[in-house]
Amino acid sequence: MRKAEVNRSTGETQVQLYLDLDGSGWSEIDTGIGFMDHMLVLLAKHAGFDLKVKCQGDVYVDDHHSVEDIGISLGLAFAKALGDKQGICRYGDTTLSMDEALILTSLDISGRSYLDYRMEIPTEKVGTFDTELAEEFVMGFVRNAGVTLHIRQLAGTNSHHIIEGMFKSLAHTLRKAVAVDERFRNEIPSTKGRLTETEEDVIPIEDEYDDVPRGLGSDTYSKGIAKGMTQQVSREPAAPVRKELSSTEELEKELLKKGLL
């Protein structure tokens, strides 16, 4: 089952989040921020996810930390629930209208975090909600979900409609991207054969040179020299050459030459 729970605590927020990608659109949301509750209910409903969020944050400062950390927690849960991403469609896009607002979202569950956010929200607030926080939420999600997301506002003059249209468009795009393609249920949707990174991918460079004597320095060039990858010039002084003498006559000539006779 594609489910995940996240319990994330910082000095600013405590977020408890449950996500089921194969849900029915049920939600139970309590973030302490009315507009954010509204957006997450819409997200769950239109994505077909089951979503439960409880956030206790320092909203006496402002809503920034809570909104950002909810986005982070949702991204973490999303990545965990997808696992190795086997069988998913991977891509999704939606152009969605909300009255005069028209919003496009396009997603690739690529394992690479990238956000291109192009929204022009005309007011600084919707009620008490800072409209710039819509981007903070999406950024937190993208960075931790490991997805590429493009968002375009194609039309719109009402700030509420624009942001709501964005959440609904994103929900439908997520729904398409996480859907299982029955034809390729047992395959990873990538010619690389995987869409996740593992700790095993990080190999210390020293492993390649484990048999190199340690007194030669730690840099790759020195180790390469020791492995014979390039010519090493010996700095040891040459030993003197001893000449063997075969007769008494030759010995006398050698002593005369040195002034010893």
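We're numbering straight along the sequence, starting at 1.
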Inset, instruction - Kindly determine whether K3 and D22 satisfy salt bridge (charged side-chain N to carboxylate O under 4.0 Å, His left out), including the steps that lead there. - result: CA-CA 8 Å; K3 302 177 182 179; D22 303 304; over 6 Å; no
Legend entry - Donor-acceptor contact present, side-chain S169 to main-chain L104, <3.5 Å: no
Legend entry - Which atom of V59 lies closest to which atom of S66, heavy atoms considered: CG1-OG, 3.8 Å
Inset, instruction - Give, for atom CD of E12 and atom NE2 of H65, the distance between the pair rounded to the nearest 0.5 Å. - result: 3.5 Å
Inset, instruction - First locate atom CG of L51, then atom CG of L74, and finally report the distance between them rounded to the nearest 0.5 Å. - result: 6.5 Å
Legend entry - Pair R152 + D116: basic N to acidic O under 4.0 Å: yes
Legend entry - Heavy-atom pair with the smallest gap, counting every atom of K80 and E5: NZ-O, 3.7 Å
Legend entry - Within-4.5 Å side-chain heavy-atom neighbours: V147 and D108: no
Inset, instruction - Apply side-chain contact (heavy atoms from CB on, under 4.5 Å) to the pair V138 and E135, showing each step before the final yes or no. - result: CA-CA 5 Å; V138 177; E135 182 177 6; 5.8 Å; no
Inset, instruction - Flag the pair I151 / M119 as yes when at least one side-chain heavy-atom distance between them is below 4.5 Å, and no otherwise. - result: yes
Legend entry - L96-L174 co-clustered via ILVMFWY side chain contacts under 4.5 Å: no
For residues 156-166, which side-chain N or O atoms pair as donor and acceptor with protein atoms under 3.5 Å away, sequence neighbours left out?
unit_1: N158; atom_1: OD1; unit_2: H160; atom_2: N; d: 3.0
unit_1: N158; atom_1: OD1; unit_2: H161; atom_2: N; d: 2.9
unit_1: S159; atom_1: OG; unit_2: T123; atom_2: N; d: 3.2
unit_1: S159; atom_1: OG; unit_2: T123; atom_2: OG1; d: 2.6
unit_1: H160; atom_1: NE2; unit_2: E164; atom_2: OE1; d: 3.1
unit_1: H161; atom_1: ND1; unit_2: E100; atom_2: OE1; d: 2.7
unit_1: H161; atom_1: NE2; unit_2: D99; atom_2: OD2; d: 3.4
unit_1: E164; atom_1: OE2; unit_2: K168; atom_2: NZ; d: 3.0

Inset, instruction - Mind listing the closest non-hydrogen atom pair of A145 and A79 along with its distance? - result: O-CB, 3.9 Å
Inset, instruction - State yes or no: do V142 and L21 share one hydrophobic cluster built from I, L, V, M, F, W and Y residues joined by side-chain heavy-atom distances below 4.5 Å, directly or via other members? - result: yes
Legend entry - E124, CD: over 12 other non-hydrogen atoms inside 6.0 angstrom: no
Inset, instruction - I would like to know whether K52 and D50 meet salt bridge (charged side-chain N to carboxylate O under 4.0 Å, His left out); could you show each step before the answer? - result: CA-CA 7 Å; K52 183 175 181 178; D50 287 348; over 6 Å; no
Legend entry - side-chain contact (heavy atoms from CB on, under 4.5 Å) assessment of L133 paired with D63: CA-CA 8 Å; L133 296 183; D63 297 341; 3.7 Å; yes
Legend entry - Gap separating the NE2 atom of H38 from the CD1 atom of I29, nearest 0.5 angstrom: 12.5 Å
Inset, instruction - Without swapping roles, check the side chain of Q14 against the backbone of Q56 for a donor-acceptor pair under 3.5 Å. - result: no
Inset, instruction - Check whether the ring centres of H150 and Y114 lie less than 6.0 Å apart, and answer yes or no. - result: yes
Legend entry - Closest non-hydrogen atom pair between I70 and C55, with its separation: CD1-CB, 4.0 Å
Inset, instruction - For R143, look at atom CZ and say whether over 12 heavy atoms of other residues, nucleotides or ligands are found less than 6.0 Å away. - result: no
Legend entry - Joint cluster assignment, I121 & M139, ILVMFWY side-chain distance < 4.5 Å: yes
Inset, instruction - Measure the shortest side-chain to side-chain distance between T31 and V53 over non-hydrogen atoms and say whether it is less than 4.5 angstrom. - result: yes
Legend entry - Least distance between heavy atoms, T148 atom then S110 atom: OG1-OG, 3.3 Å
Legend entry - Linked, directly or transitively: L76 and F78 (ILVMFWY side chains, under 4.5 Å): no
Inset, instruction - Without swapping roles, check the side chain of S73 against the backbone of L17 for a donor-acceptor pair under 3.5 Å. - result: no
Legend entry - side-chain contact (heavy atoms from CB on, under 4.5 Å) evaluation trace for L82 with I88: CA-CA 9 Å; L82 279 177; I88 64 169; 4.0 Å; yes
Legend entry - L115 with F137, same ILVMFWY side-chain cluster at under 4.5 Å: yes
Legend entry - Separation of T13 OG1 from H64 NE2 (nearest 0.5 Å): 11.0 Å
Inset, instruction - Could you check if a side-chain atom of I109 sits within less than 4.5 angstrom of a side-chain atom of K85, using non-hydrogen atoms only? - result: yes
Legend entry - Short N-O contact, D20 and R2, less than 4.0 angstrom: no
Inset, instruction - List the steps and the verdict of side-chain contact (heavy atoms from CB on, under 4.5 Å) for T10 and D69. - result: CA-CA 9 Å; T10 72; D69 288 2; 3.8 Å; yes
Legend entry - Nearest heavy atoms of H46 and A171, plus distance in Å: CB-CB, 3.6 Å
Legend entry - Heavy-atom side-chain contact between F129 and V67 under 4.5 Å: yes
Legend entry - Separation between OG of S27 and CG of L43, rounded to the nearest 0.5 Å: 9.5 Å
Inset, instruction - Could you tell me the separation between the CG atom of L102 and the OG atom of S97, rounded to the nearest 0.5 Å? - result: 6.5 Å
